[in-house]
Number of protein chains: 2
Amino acid sequence: MEVDIESKCIQKGVRLTEQRKLIAKVMSESESHPDVAELHKKVGKFDSKISIATIYRTVKLFEEAGIVSKHDFKGSKSRYEQAPEEHHDHLIDINSGEITEFVNEEIEKLQKQVAEKLGYKLVDHRLELYGSKIKK
Amino acid sequence: MEVDIESKCIQKGVRLTEQRKLIAKVMSESESHPDVAELHKKVGKFDSKISIATIYRTVKLFEEAGIVSKHDFKGSKSRYEQAPEEHHDHLIDINSGEITEFVNEEIEKLQKQVAEKLGYKLVDHRLELYGSKIKK
DNA sequence: ATAATTGCAAATGCTTTGCTTGTGA
DNA sequence: TCACAAGCAAAGCATTTGCAATTAT
């Protein structure tokens, strides 16, 4: 079970406001990877006064606190997801935009090896697969 | 040996203007992965009248013709490189911004396998490693 | 109490576009 | 010649920021 975002804020010393609680709730309940506009829209159902600037400030704050992760997939706006317990990468359906998460230890290992062979310590990486559904 | 961008334009039926020739030349001679502002600056040494809008229009045109590739590395502007004969990925030095190209067939193969296992045909991918130099 | 946060609108930074003039095939 | 390209400035879009009013601790 994932610890909810609100708990993580407390744990990280992030001050909780009504707006932040609401954004946290909406993000926790998103099964997808919403962008700022989508978050603003969803949050707006509960608090129509909330400003888009607050959404921007909050996702940035959460990201800097390690509570959410930001992704910039090809050809779309920044998307956010609750920071996962263990790392995963993404496969994006080029037709529907649907996002599937996956983990592949073998690739992870090879990436580290490649970096080391080139004289680098691997600090971060980005792996995204873009594909189209195979119809059975 | 790489065929120069100007030849590729002719080959692809892309009309050559003085500006495009100049941008092609500057890109061919860039050993790095320049962004639009850098291209504009370099090109400006030979033609100070050239507009940044022309740079934007030209890199987009070249990209759509498959002559150059565009990259959006984390935290920086779009960068361009002459489209390579054979695919490669990038390792970015998080301190200096230096970009190293690499190829790893094993990772390529695994990516395709991952996509297929998830029911997708792999159409495109993005793999970027971010690291810091190991001092010897 | 008071330092931090919000909402709003203005500003930013990169990129695109409308329009008139210039030009390559 | 004449469809297409360039230059310029204005517009677009996502994101950030300054500031006065509000709020959490």
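In what follows, every heavy atom counts, from backbone to side chain, and hydrogens, waters and symmetry copies are set aside.
Among the protein residues, B/Arg20 comes within range of the sugar-phosphate backbone only, with heavy atoms under 4.0 Å from sugar or phosphate atoms but none that close to a base.
As a whole-Å value, the separation of B/Glu6 CD from C/dG24 C1' is 13 Å. The separation between A/Lys21 atom NZ and C/dT6 atom P is 12 Å, rounded to whole Å. The interatomic distance linking B/Ile55 (CD1) with D/dG7 (C1') rounds to 12 Å, in whole Å. The separation between B/Arg57 atom CZ and D/dA9 atom P is 13 Å, rounded to whole Å.
Take A/Glu81 and apply the salt bridge (charged side-chain N to carboxylate O under 4.0 Å, His left out) test, not counting sequence neighbours, and it matches no residue. Annotation: side chain to side chain contact (heavy atoms under 4.5 Å, CB included) contacts of B/Glu18 (sequence neighbours excluded): B/Lys21. Not counting sequence neighbours, B/Lys60 has no partner by the salt bridge (charged side-chain N to carboxylate O under 4.0 Å, His left out) test. B/Glu63 meets the salt bridge (charged side-chain N to carboxylate O under 4.0 Å, His left out) test with no other residue; sequence neighbours excluded. Every side chain to side chain contact (heavy atoms under 4.5 Å, CB included) that A/Glu38 has, sequence neighbours left out, goes to A/Pro34, A/Asp35, A/Arg79. By the salt bridge (charged side-chain N to carboxylate O under 4.0 Å, His left out) test, B/Asp72 is found to be paired with no residue, residues two or more places apart in sequence or in another chain being considered. A/Ser48 pairs by the side chain to side chain contact (heavy atoms under 4.5 Å, CB included) definition with nothing, not counting sequence neighbours. A search for side chain to side chain contact (heavy atoms under 4.5 Å, CB included) contacts involving B/Lys41 returns nothing, not counting sequence neighbours.
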Atom pairs under 3.5 Å: protein N/O with N/O of nucleotides 10-15 of chain C:
| residue | atom | partner | partner atom | Å |
| --- | --- | --- | --- | --- |
| C/dT15 | OP1 | B/Ser78 | OG | 3.4 |
| C/dT15 | OP2 | B/Tyr56 | OH | 2.5 |
| C/dT15 | O5' | B/Tyr56 | OH | 3.4 |

Nucleotide N/O of nucleotides 21-25 of chain D paired with protein N/O under 3.5 Å:
| residue | atom | partner | partner atom | Å |
| --- | --- | --- | --- | --- |
| D/dA24 | O3' | A/Leu16 | O | 3.4 |
| D/dA24 | N3 | A/Arg15 | NH2 | 3.2 |

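Note on residues 94-121 of chain A: no pairs pass ring-ring contact (aromatic ring centres under 6.0 Å, His included), not counting sequence neighbours.
Against DNA chain D, the stretch residues 38-51 of chain B makes heavy-atom approaches under 4.0 Å through B/Lys49, B/Ile50, B/Ser51.
The backbone N or O of A/Val26 lies less than 3.5 Å from a partner atom in the side chain of A/Ser30, making a donor-acceptor pair.
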For this session: Would you check, one step at a time, whether the test side chain to side chain contact (heavy atoms under 4.5 Å, CB included) holds for A/Asp93 with A/Ile99?
Result: CA-CA 6 Å; A/Asp93 186 315; A/Ile99 296 165; over 6 Å; no

